[in-house]
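The basis for the numbers below is simple: all heavy atoms, side chains too, and nothing from hydrogens, waters or symmetry mates.
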2 protein chains.
Amino acid sequence: MGWHVRADARRNLGKIVEAAAEVMAERGVDAPMEAIAKRAGVGVGTLYRRFPDRHALVVAVGDHYIHTMADALDRASAGADAWAAIREFVTWAAEPGRAALATALAEVPQEAIAGSAEFARKRAGWVEGFDALVRRAQADGSMRADVTVEDLIHLLNVFTCHPGRLPEPVASRPVRYLHLMLDGMKAGAATPGAAPSPRDPS
Amino acid sequence: MGWHVRADARRNLGKIVEAAAEVMAERGVDAPMEAIAKRAGVGVGTLYRRFPDRHALVVAVGDHYIHTMADALDRASAGADAWAAIREFVTWAAEPGRAALATALAEVPQEAIAGSAEFARKRAGWVEGFDALVRRAQADGSMRADVTVEDLIHLLNVFTCHPGRLPEPVASRPVRYLHLMLDGMKAGAATPGAAPSPRDPS
DNA sequence: CCCTAAGTGGAATCCTGAATTCCGGTTACG
DNA sequence: CGTAACCGGAATTCAGGATTCCACTTAGGG
């Protein structure tokens, strides 16, 4: 029944999640547990007691950060200019250290999401918000209509995933490439004869 | 002194290089040697006798394909329209199965290139040709001036690297994303206030 | 202040997935 | 045919991590 969770234990839990976020941003979602423990200044044992498996840890990280993503998106969406908002958000997301988010939010979903309805819901909400923004930009004619939120999200994942998974020059300047992509997504940027398949009805 | 290299041995060599190209396209340059051997219908031992280490194998593959790349580039460059040529070449390069080339030509260079002056020279020649094309497109005003061949090459590598290194939706339609990128590279696509750093003098 | 449940670190162990070696058995071909 | 070249792939070695376990510390209620 109601027994005490020692204060220091709770504190460690926090340190672990943060450490996990950092390490996973640098080395990918499947960074060695030991590396995470070390970064958190904690023994592997402790880590394992809190999170039975990597899964739990990933969900925890995602859950911990989904808010940050949502906030950033809201903040960017505030203005009336949808296109500018998208650009602002993408730029923000590409900042170094932010990778963990994209990672946690994308690389695991399939299994992890199933394990945490809570997390799944939040993520879905975020995607929905992003989608609304995209549609807004397309509606006001600033963004070409044949690209989707998914495109944006995927691309975001590609360019902000941990270094070592991308050729160095790309990994070190994700914003440059992300902006290039955005330029290609502006209304009118489409090359006539051979446009990417439009909003896929599948 | 002059002894015979058995015909079947030479044949196997060929099979190995081709198998290596295939497997490396699917699993990356560091695909397990055994997988390559199996694909080639040969024992690991045989593979090791021909190529002391993965290095040699990679160089062999690169060497085997650099021609294909060069040819495709020449073919595309033939017409007068430089921009169209770039688009054509990129499209060609993104076709499934072509990944090995980019991979072999990019993921290893550092060490491998040093090991094969021959290969290094060919590769350099190819890059030079590609660069000429890019400059031509920029000169005739069809391509923005603040992007470089390197950008193109890197992006080509990113989008055509083996599946499993990219989020599935991206891996399965590299052309779509490459074209998006090209659209962003067209003259006039640049977003005023915040252009990517121009040809870096570094 | 003391006792004990809660919490801790990290050595020890177990696994997995390759790399690399080795050699008895084949085969091309002079 | 005889034999130098070649083969295949089982066997061995290795690296990196996951996971377990338990002797040893503490927080913190009484």
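- The side chain of A:N12 contributes an N or O atom lying less than 4.0 Å from OP1 or OP2 of C:dT8.
- Closest to the side chain of B:V44, from the set D:dG9, D:dA27, C:dG9, is D:dG9.
- The side chain of B:P32 has C:dA18 as its nearest neighbour among C:dA18, C:dG9, C:dT21.
- Heavy-atom contacts from other residues, nucleotides or ligands closer than 6.0 Å to CD of A:E34 number 12 or fewer.
- Contact between the side-chain N/O atoms of B:R6 and the OP1/OP2 oxygens of C:dG30 is not found at any separation under 4.0 Å.
- Atom CZ of A:R27 is separated from atom P of D:dG16 by 11 Å (rounded to the nearest Å).
- Salt-bridge annotation for A:R98 and A:E95: present, with a side-chain N of the basic residue lying under 4.0 Å from a carboxylate O of the acidic one.
- Aromatic ring orientation, B:F89 versus B:F130: perpendicular (interplanar angle above 60°, classes split at 30° and 60°).
- As rounded to whole Å, 15 Å separates atom P of C:dG7 from atom NZ of A:K15.
- B:L57 places its CG atom 15 Å from the C1' atom of C:dA18, with the value rounded to the nearest Å.
- The phosphate of D:dC6 has neither OP1 nor OP2 within less than 4.0 Å of any side-chain N or O from B:R49.
- Here the nucleotide nearest the side chain of B:A7, chosen from C:dA19, C:dG7, C:dC29, is C:dC29.
- Within 4.0 Å (heavy atoms only), B:A37 reaches no atom of the nucleic acid at all.
- A:I36 places its CD1 atom 14 Å from the C1' atom of D:dT19, with the value rounded to the nearest Å.
- When the nucleotides D:dC6, D:dT20, C:dA19 are ranked by their closest atom to the side chain of B:A9, D:dC6 comes out on top.
- Atom pair B:E34:CD and C:dT16:P shows a separation of 16 Å (rounding to whole Å applied).
- Rounded to a whole Å, the OH atom of A:Y48 is 4 Å from the C1' atom of D:dA18.
- A:H4 has no side-chain polar atom (N or O) that falls below the 4.0 Å cut-off from OP1 or OP2 of C:dA5.
- Between A:R135 and A:D131 there is a salt bridge, since at least one side-chain N of the basic residue sits less than 4.0 Å from a carboxylate O of the acidic one.
- Among the protein residues, B:R50 comes within range of the sugar-phosphate backbone only, with heavy atoms under 4.0 Å from sugar or phosphate atoms but none that close to a base.
- A salt bridge links A:R144 with B:D183: at least one charged nitrogen is closer than 4.0 Å to a carboxylate oxygen.
- Sequence order on DNA chain C of the closest nucleotides to A:V42 and B:D8 puts A:V42 first from the 5' end.
- Each of B:G45 and B:V5 has a nearest nucleotide on DNA chain D; the 5'-most of these lies closest to B:V5.
- We find that CZ of B:F51 is positioned 16 Å from P of C:dT21, with the value rounded to whole Å.
- One finds a salt bridge joining B:K122 and B:D63 here, because a Lys/Arg side-chain nitrogen approaches an Asp/Glu carboxylate oxygen to under 4.0 Å.
- Look at A:T46 and you'll find a side-chain N or O under 4.0 angstrom from OP1 or OP2 of C:dG9.
- C:dC15 atom P lies 18 Å from atom CE of A:M33, rounded to whole Å.
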